[in-house]
Trainee: 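My questions all concern the structure below.
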Amino acid sequence: MSDIDRRAFLSTVVAGVAATGVSLPLRGVGVDDPSQPSRLAPASPAFRPLPLADIRPDGWLARQLKIQADGLSGHLDEFWPDIKDSQWFGGAAEGWERAPYWLDGVIPLAWLLDDRPLKARITKYVNYIVDHQRADGWYGPYPADAVAKRYDMWAILLVNKVLAQYHGATGDQRALDAVVKSLHAMLDGLDQTPLYGWGKFRWFEGLVPALYAYEQTRHSWLLDLARKLRAQGTDYEALFETDDVKVPTPRRGLWKWTKHVVNMAMAPKAAALSWRLDRRTADRAFATKMIGVLDRYHGQVTGMFTGDECLSGRNPVQGTELCAVVEFMYSLEQLFSVFGDPVFADRLERVAFNALPAAISPDMWAHQYDQQVNQVQCTVNPDHGWSTNGPESNLFGLEPNYGCCTSNMHQGWPKFAGHLWMKTPDDGLVAAAWAPCRVRTSVRGTPVAIRVSTDYPFREEITLGVSPDRSVRFPLLLRVPAWAEGATMRIGDAPEMRMTPGTLHRLERLWTGETNVRVRFPMRAQVTVRYNDAIAVERGPLIYALQIGEAWTRVNADKPHRDLPHADFEVRPTTPWNYGLIVDDRHPGASLRFEERSVGGRPFSPDGAGVVAKGRGQQIPGWKIVRGWAGELATADAGTADPIKPVSDQPIEELTLIPYGCTNIRITEFPRLKPTVSGP
Ligand SMILES: [Zn+2]
């Protein structure tokens with residue numbers, strides 16, 4: 001045990017914490033001393049996610065995860081060569097990011113569902129990776145002279161994150177030992193071959209397993225490794241001082257590492273992980289700044305930003321890559337966990353309930369590479385306007401454009417489910433995000449069960465049933481979304497209490513027997529002004545989009561591995577889509593009528609929409625498909641500051657809007673039409 005190791009170990013003992021992976025900040029340690037880089041133990045996160053074993057999806061979320069396991073996620077390893085025959089599993093196909101990506105999503109999926117056959121297959125794959133780690137710490141697919149050959153470190157950062165997650169799910173010591181051995185090889189390897197390429201731009205992903213392994217082992221060199229990764233990696237703070245990140249990449253423009261949408265979606269977590277290393281207050285501010293710049297110059301109403309696949313501006317016909325969606329969700333989960341600011345969890349819900357399901361078919365067998373907020377057809381389109389992506393990027397299929405999303409999309413829902421509830425530092429619980437689930441965990445030494453019964457985000461009401469095995473006092477923190485003005489809570493039959501939007505409402509009491517806590521988050525319709533003065537309809541965490549009749553046509557049937565149900569499809573509109581929306585934007589609630597429906601077996605499908613909105617609009621004949629996409633809104637006279645006049649020779653029609661995540665094709669940003677008194 002080195003001197004530094006011993007100090008860390010002793011301080012753990014002094015703090016009264018058994019070496020079980022629970023870390024506490026060391027008292028009396030103020031600022032970091034750069035001459036003693038590892039003296040400071042990492043700061044604890046504001047909240048710690050519960051172990052996967054403590055949480056189970058329920059209601060619509062359980063159905064969604066089951067659909068996922070029955071779809072591509074649970075079957076990809078049976079037929080797709082880059083997983084089935086991956087070099088990571090002893091085959092001869094791809095040996096880089098794809099198998100680790102897939103494991104990163106199916107591990108939480110299988111353990112949350114307790115899907116035994118899937119768990120058994122995953123265990124077999126993980127065992128293969130661990131068994132074939134070389135004595136020098138490098139994994140099987142890496143060449144024997146990995147460092148001398150300048151092998152991009154990205155896949156090692158990724159697979160160690162995966163194995164750390166597997167250790168968290170199973171407690172398998174061999175997985176943790178493999179991570180420690182691999183990271184130690186990296187510590188030396190980085191001196192010979194510094195980070196470059198993907199590893200350089202994604203250095204912070206290595207901090208996830210490094211900090212995890214540190215908390216398990218207290219090896220202080222893991223903190224040296226974390227700092228070395230940061231020192232060699234891309235400095236996003238400096239990058240976001242440049243103007244280039246603000247400029248949309250032109251149609252068929254230059255592909256750049258520094259504008260790559262997935263890098264941009266992953267990088268906000270760097271601030272959180274870096275803050276844990278040395279508590280630099282600027283890191284907190286930078287996470288907010290970075291997301292703010294992305295929003296301002298590339299933001300979409302879904303909570304995402306465009307990148308097809310380099311940052312593409314605010315036009316709602318530009319694409320957002322699915323990898324960016326799931327990676328941004330994971331970044332937001334990390335940011336909320338570390339900083340405890342509910343703004344990150346609000347944002348997480350917005351992406352999870354809108355952008356994530358939209359890019360994946362309702363049966364979760366097909367996905368898009370790029371989704372568009374205004375997406376009126378998805379076709380093989382050589383005349384496309386993506387910045388750097390190819391003609392098939394918005395098809396629903398097995399591997400449209402490129403297979404990264406095929407292997408990486410699986411983490412979206414399971415990690416969201418796994419981050420719904422977290423532990424507070426004073427051994428209470430916090431509801432980070434809202435969805436139906438059951439929690440069974442230990443609080444202050446007492447087993448506690450919490451059942452969250454709700455059809456949120458399709459409903460305003462959430463009921464929590466809190467049942468400790470015996471009476472126990474602990475705080476329960478309930479996240480109140482920033483949009484939920486007038487939010488209320490009632491414990492049992494006690495009087496209703498107000499909750500403040502944008503806060504974590506703290507409820508500390510002696511919990512005895514079963515207590516029902518009923519929460520209501522009033523959802524008011526809002527109309528927001530977007531690109532070219534178009535308008536979008538939001539209500540609570542959901543965005544609403546025009547429901548369009550759709551025709552699916554199978555394509556690429558002659559390509560390998562496109563047998564049903566994992567085939568490729570084009571989608572075309574069968575009903576008009578070129579509507580302007582008649583909305584009084586000062587009183588949008590009065591122009592839109594929301595109707596609740598039962599949430600379908602497929603919650604995110606046009607037929608399964610749990611809530612629909614009825615509004616009024618008029619067709620705009622000049623607004624047409626140009627180059628295979630919805631034409632520029634400006635061609636529909638929407639580019640003016642004043643509401644455009646009703647298109648007088650067109651009838652006013654009733655329009656049906658459904659949650660964005662339920663649509664496959666859609667109009668979301670509408671030309672704004674002036675309210676009239678006539679019409680239905
Ligand atoms: Zn991708």
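Both counts, for ligands and for their atoms, begin at 1 and track the order of listing.
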Trainee: Taking salt bridge (charged side-chain N to carboxylate O under 4.0 Å, His left out) as the test, write out the residues that go with E550, two or more places apart.
Mentor: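 Listed in chain order: nothing, the list is empty.
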Trainee: For Y142, which of W154, W96, Y151 qualifies under ring pair (Phe, Tyr, Trp, His ring centres under 6.0 Å)?
Mentor: Y151
Trainee: Which protein N, O or S atoms sit under 2.8 Å from the Zn ion (ligand 1)?
Mentor: E321 OE2, C323 SG, C404 SG, C405 SG
Trainee: Does the side chain of F353 reach to within under 4.5 Å of the side chain of P659, using non-hydrogen atoms?
Mentor: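 The answer is no, as the side chains (C-beta and beyond) never meet within the 4.5 Å cut-off.
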Trainee: Pairs in or reaching into residues 64-75: which pass side chain to side chain donor-acceptor pair (under 3.5 Å), with residues at least two apart or in two chains?
Mentor: K66-D70, Q68-S73, S73-H410, H75-E78
Trainee: Do the charged groups of D295 and R347 touch, with an N to O distance under 4.0 Å?
Mentor: yes
Trainee: Test of understanding: with salt bridge (charged side-chain N to carboxylate O under 4.0 Å, His left out), list the residues that count as partners of E570, not counting sequence neighbours.
Mentor: R572
